[in-house]
There are 2 protein chains.
Amino acid sequence: MNIGQASELSGISSKTIRYYESIGLIPAPARTDSGYRDYSHPEIETMRFIQRARNLGFTIKDVCELIDLWHDQHRASAQVKSLTQRHINEIEIKIKELESMRHTLVTLAEKCHGDDRPDCPILEDLAALNIGN
Amino acid sequence: MNIGQASELSGISSKTIRYYESIGLIPAPARTDSGYRDYSHPEIETMRFIQRARNLGFTIKDVCELIDLWHDQHRASAQVKSLTQRHINEIEIKIKELESMRHTLVTLAEKCHGDDRPDCPILEDLAALNIGN
DNA sequence: ATAAACCTTCCAGTATCTGGAAGGTCAAAT
DNA sequence: ATTTGACCTTCCAGATACTGGAAGGTTTAT
């Protein structure tokens, strides 16, 4: 099947499939006589695996490792779990950062009149007057 | 004062200060006879403003707008509030995405033994067997 | 025959820095 | 006076993960 169909079945755009091939995440597929990429079902399965892992926020590098583990019959599930736990930790750090930003921004926005006058606690906070810090 | 001191006072690395200058976020400063960048206090204030805005997750483009508004005596605080509200919305979307990922990952990790055996619900979920979906 | 809808490669751009190379300057120690 | 080390300069490349577009070949349908 050609790249367009592979794209539809995997949920990865044709552009991105070519990109994944170029960085070695996906192996180069067979080609038709005219040079079109020609995929078969196992390759679509790999793409779907990649797409799901990406949707869970794993980096490309993580996905490489996950594919290796997936193909390794002698893997220890501890390896997968550890990679996943590391990823969860990163996500939790990111969530905390974003929640802290959100809290500050909401507090500032609440104090701002949001009318046609120029005085604005948001800008004042960013400018901070640099007296007390 | 030279770029190293400006960096210390603003909390922005020398590298990044030069980068901000190159993209026009910070105006080109005076130079000493020998070609060193020479900053004075108002420029440091601008850098601190930028640094605080970046710490709140505003994009460089947002920061440009915020600086323009900061310098505009006739701004309406509504403009600042609206930009801030837009940013809060984006942060909230991002938090929801991350929390959804986190939820899925934690659920999968809990099901995984994490021992030296190969069977792993995390990989099974990613592979998904493609029966039910 | 021709037009639409595919496919190909290659280059550039997005966002936000960060690292490193090659070389000039400044201040202090010898 | 010289040397050393810590500055500074510019410029180029790399990281992350794609996305867009140009120029051109192929396939399919009318």
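Just so we're on the same page: letters track the sequence lines, and every chain starts at 1.
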Take the protein atom [atom1] of [X] and the nucleotide atom [atom2] of [N], then report the distance between them rounded to whole Å.
{"X": "A:Arg37", "N": "D:dG25", "atom1": "CZ", "atom2": "P", "answer": "17 Å"}
{"X": "B:Asn2", "N": "D:dT9", "atom1": "CG", "atom2": "P", "answer": "8 Å"}
{"X": "A:Ile3", "N": "C:dT8", "atom1": "CD1", "atom2": "C1'", "answer": "10 Å"}
{"X": "A:Asn55", "N": "D:dA17", "atom1": "CG", "atom2": "C1'", "answer": "14 Å"}
{"X": "A:Ile50", "N": "D:dC18", "atom1": "CD1", "atom2": "C1'", "answer": "14 Å"}
{"X": "A:Tyr20", "N": "D:dC18", "atom1": "OH", "atom2": "C1'", "answer": "8 Å"}
{"X": "B:Ile12", "N": "C:dT16", "atom1": "CD1", "atom2": "P", "answer": "14 Å"}
{"X": "A:Ile17", "N": "D:dT19", "atom1": "CD1", "atom2": "P", "answer": "12 Å"}

Can you tell me if [X] touches the phosphate of [N], counting only side-chain N or O atoms and a distance under 4.0 Å to OP1 or OP2?
{"X": "A:Arg31", "N": "D:dT26", "answer": "no"}
{"X": "B:Ser34", "N": "C:dC26", "answer": "yes"}
{"X": "B:Thr16", "N": "C:dT18", "answer": "yes"}
{"X": "B:Tyr19", "N": "C:dA15", "answer": "no"}
{"X": "A:Arg18", "N": "D:dA17", "answer": "no"}

Legend entry - Pair B:Lys94 + B:Glu97, salt bridge at N-O below 4.0 Å: yes
Looking across every strand, which nucleic acid part, if any, lies under 4.0 Å from [X] by heavy atom: base, sugar-phosphate, or nothing?
{"X": "B:Thr32", "answer": "nothing"}
{"X": "A:Ile23", "answer": "nothing"}
{"X": "A:Arg54", "answer": "sugar-phosphate"}

Legend entry - A:Tyr36 (side chain) and C:dC6 (base): donor-acceptor pair under 3.5 Å: yes
Inset, instruction - Answer yes or no: is there a donor N or O on one side and an acceptor on the other, between the side chain of A:Asp68 and the main chain of A:His71, under 3.5 Å? - result: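 Absent.
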Inset, instruction - Could you pick out which residue, B:Gly4 or A:Ser13, lies toward the 5' side of DNA chain D when each is mapped onto its nearest nucleotide? - result: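 It is B:Gly4 whose nearest nucleotide is closer to the 5' end.
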Legend entry - Taking every non-hydrogen atom, the tightest pair across B:Ile26 and B:Met47: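 Nearest pair, atom of B:Ile26 first, then B:Met47: CD1-CG, 3.9 Å.
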Legend entry - Closest contact, heavy atoms only, B:Ser7 versus B:Ser13: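 Between these two residues, the closest heavy atoms are OG-CA, 3.5 Å.
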Inset, instruction - Please figure out whether B:Lys15 or B:Ile60 has its closest DNA chain C nucleotide nearer the 5' end. - result: B:Ile60
Inset, instruction - Report yes if the side chains of B:Glu21 and B:Arg37 come closer than 4.5 Å at any heavy-atom pair, otherwise no. - result: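 They are in contact (side-chain heavy atoms under 4.5 Å apart), so the answer is yes.
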